[in-house]
Amino acid sequence: MSKLFTLSAIRHPALQACSVCLALALAMPLATVEAGTLRDKIMERRQERKEQRAEQVAEKSEMTDIETTDLAPQGLPAGTKVLRDIAFGSDKRQTMDVYLPANAANQKAMPVIFMVHGGAWKIGSKTARGVVENKAAHWLPQGYIFISINYRMLPDIKPLEQADDVARALATAQSKAAEWGGSSKRFIIMGHSAGAHLVALLASNPSIAARAGASAWLATIALDSAAYDINKIMEQKHYRFYDEAFGTEPAYWQASSPTLQLKQAAAPFVAVCSSIRPDKPCAQAGVFVDKAKSLGMQALLLPQSLSHADINKNLGLDNVYTAAVDNFLKPLVIAHDSP
């Protein structure tokens with residue numbers, strides 16, 4: 001009768017040693033595979049944590065501007081007059097600040113820069129230094145009025161309703177412009193981050209502004225929005241705050257997407273974008289600008305090797321970036337040099 005052969009059945013010491021070596025040799029490939037798999041998993045997890053940390057940093061940069069100010073006089077040109085908290089609605093957040101140059105009382109039909117702050121549609125302030133200081137210091141001495149607005153935000157009000165707030169603020173400011181020495185026909189609307197998305201949405205869908213009673217404006221300056229096509233954002237890996245802002249309904253994504261809403265030529269448009277952000281906002285901005293040009297619209301893509309926050313804060317400083325925006329605006333302002 002046959003017997004099962006086992007290593008324990010080997011009696012000769014030399015044969016036993018060989019058999020042990022054979023067993024170890026047979027086991028080593030499996031151990032190597034398991035060790036390799038474990039190393040791969042550890043490396044994958046490390047990479048995931050690295051990406052999560054990078055995403056958190058980028059998300060914090062997108063959402064916040066840690067530099068705020070009480071708008072002390074030294075932060076503004078001498079003689080600046082500030083009209084605080086002018087209401088454009090019944091909610092306490094529906095207010096704007098108006099910055100008038102020193103010689104405003106003697107001026108008529110001054111151009112107006114109308115600024116919308118960012119903050120991922122949920123935070124931010126019209127008084128943040130990055131929103132106001134350098135822009136006011138640059139444009140007020142040139143005879144511009146500078147306006148900075150607040151608006152209702154998440155979780156109470158979603159982006160489309162926020163666009164309605166911006167439109168209502170614009171209509172109110174245009175209606176009062178003559179009182180301040182400005183012209184309702186010489187407005188430039190500008191926004192940063194989420195605010196850039198909102199002004200781009202007004203530019204691409206004029207009915208939003210029209211419903212609020214706002215009239216046409218000279219130009220739109222969008223400072224580093226990555227949200228021109230919400231559909232594309234939501235269909236791939238994205239920052240968590242987009243889910244809170246835009247929800248899960250494709251119809252809402254469509255209605256909130258400036259690129260998808262742009263159907264006809266509108267006021268000249270500048271899309272400033274950070275070329276160093278990890279989510280590559282210049283890609284979406286470039287698609288929007290190309291579509292605008294195809295419709296016969298004057299549009300400029302202006303990539304900058306600056307952080308998301310610095311694109312906002314550095315506008316108004318003595319640099320090539322500010323000069324490029326000025327060069328775009330001056331012919332438009334001059335062409336409308338009448339009340």
Side-chain angles (χ1 to χ4, degrees), residues 63-65 68-71 80-100 104 112-132 135-136 145-217 220 222 225 227 241 244-247 249 252 255-256 258 261:
M63 288 181 62
T64 63
D65 181 353
T68 59
T69 183
D70 58 4
L71 297 172
T80 299
K81 182 178 180 181
V82 185
L83 308 178
R84 300 263 188 231
D85 297 324
I86 295 174
F88 61 86
S90 58
D91 192 283
K92 63 181 181 180
R93 294 166 292 185
Q94 293 174 310
T95 60
M96 68 182 85
D97 293 340
V98 180
Y99 299 83
L100 302 175
V112 181
I113 291 179
F114 175 92
M115 180 69 192
V116 184
H117 72 75
W121 302 274
K122 66 186 297 183
I123 61 174
S125 170
K126 61 183 168 61
T127 60
R129 285 185 67 185
V131 173
V132 177
K135 300 177 188 69
I145 294 171
F146 184 83
I147 296 174
S148 183
I149 77 162
N150 275 345
Y151 50 95
R152 295 172 296 168
M153 292 181 285
L154 294 171
D156 302 322
I157 300 296
K158 292 178 72 65
L160 283 178
E161 291 74 22
Q162 292 175 12
D164 288 334
D165 267 12
V166 174
R168 188 171 180 179
L170 177 61
T172 300
Q174 287 176 329
S175 71
K176 293 178 176 294
E179 299 174 20
W180 306 326
S183 169
S184 62
K185 298 178 181 179
R186 304 178 78 195
F187 270 62
I188 294 108
I189 66 172
M190 179 184 292
H192 173 246
S193 192
H197 164 260
L198 296 175
V199 298
L201 194 56
L202 262 64
S204 61
N205 186 353
S207 66
I208 297 174
R211 285 197 306 267
S215 56
W217 55 92
T220 304
S225 172
F241 58 75
E244 183 179 1
F246 297 101
E249 294 297 326
Y252 194 87
S256 304
Q261 292 299 309

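The first residue of the sequence shown is numbered 1, and numbering continues consecutively from there.
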Looking only at atom types and distance, does a side-chain atom of K185 sit under 3.5 Å from a main-chain N or O of A216, one as donor and one as acceptor? no

Verdict with reasoning, R84 to D97, per side chain to side chain contact (heavy atoms under 4.5 Å, CB included): CA-CA 5 Å; R84 300 263 188 231; D97 293 340; 3.7 Å; yes

Considering all heavy atoms, the nearest P258-A227 contact: CD-O, 3.5 Å

Rounded to the nearest 0.5 Å, what separates atom CG in D165 from atom CG in L198? 9.5 Å

Shortest non-hydrogen pair, L154 vs P159, comes out as CD2-CD, 4.5 Å

NZ/K122 to CZ/F241 distance, rounded to the nearest 0.5 angstrom? 9.5 Å

I need the minimum non-hydrogen distance between A171 and G213, along with the two atoms involved. CB-C, 3.7 Å

Hey, could you give me the CG/CD1 distance between L202 and I189, rounded to the nearest 0.5 Å? 5.5 Å

Residues which pass side chain to side chain donor-acceptor pair (under 3.5 Å) with T220, listed by chain and number, not counting sequence neighbours: W217

Got a sec, which pairs hit ring-ring contact (aromatic ring centres under 6.0 Å, His included) with one end in residues 158-179, sequence neighbours left out? none

Who are the salt bridge (Lys or Arg N to Asp or Glu O under 4.0 Å) partners of R211, not counting sequence neighbours? D164

Say whether, by atom type as modelled, one donor and one acceptor occur between the side chain of Y151 and the main chain of H117 under 3.5 angstrom. yes

Going from NZ on K126 to CE on M115, what distance comes out if it is rounded to the nearest 0.5 angstrom? 13.5 Å

Tell me, with the steps shown, if N150 and D85 meet side chain to side chain contact (heavy atoms under 4.5 Å, CB included). CA-CA 9 Å; N150 275 345; D85 297 324; 5.9 Å; no

Quick one: closest heavy-atom pair of G118 and S193, and the distance? CA-CB, 4.0 Å

Tell me whether Q162 contacts the main-chain N or O of I157 through its side chain, where contact means a donor paired with an acceptor under 3.5 Å. yes

Sorted by chain and number, sequence neighbours left out, salt bridge (Lys or Arg N to Asp or Glu O under 4.0 Å) with E161 holds for none

Those residues at least two apart in sequence (or on a different chain) that pass ring-ring contact (aromatic ring centres under 6.0 Å, His included) with F246 are W121, H197

Would you mind listing every side-chain hydrogen bond (donor to acceptor under 3.5 Å, both in side chains) that reaches into residues 168-182, with sequence neighbours excluded? Q174-S215

Identify the residue among V132, I113, I147, L83 that makes a side chain to side chain contact (heavy atoms under 4.5 Å, CB included) with Y99. V132

To the nearest 0.5 Å, atom CD of E249 lies from atom OG of S256 at 11.5 Å

Measure from NZ or CZ of K158 to the centre of the six-membered ring of Y252 and say whether it is under 6.0 Å with the direction within 45° of the ring axis. yes

Please name the pair of heavy atoms, one in A169 and one in I149, separated by the smallest distance, quoted to 0.1 Å. CB-CD1, 4.0 Å

With side chain to side chain contact (heavy atoms under 4.5 Å, CB included) as the test, would you mind laying out the steps for V166 and F114 before giving the verdict? CA-CA 10 Å; V166 174; F114 175 92; 4.0 Å; yes

Between S184 and A177, which heavy-atom pair has the shortest distance, and what is it? N-CB, 3.9 Å

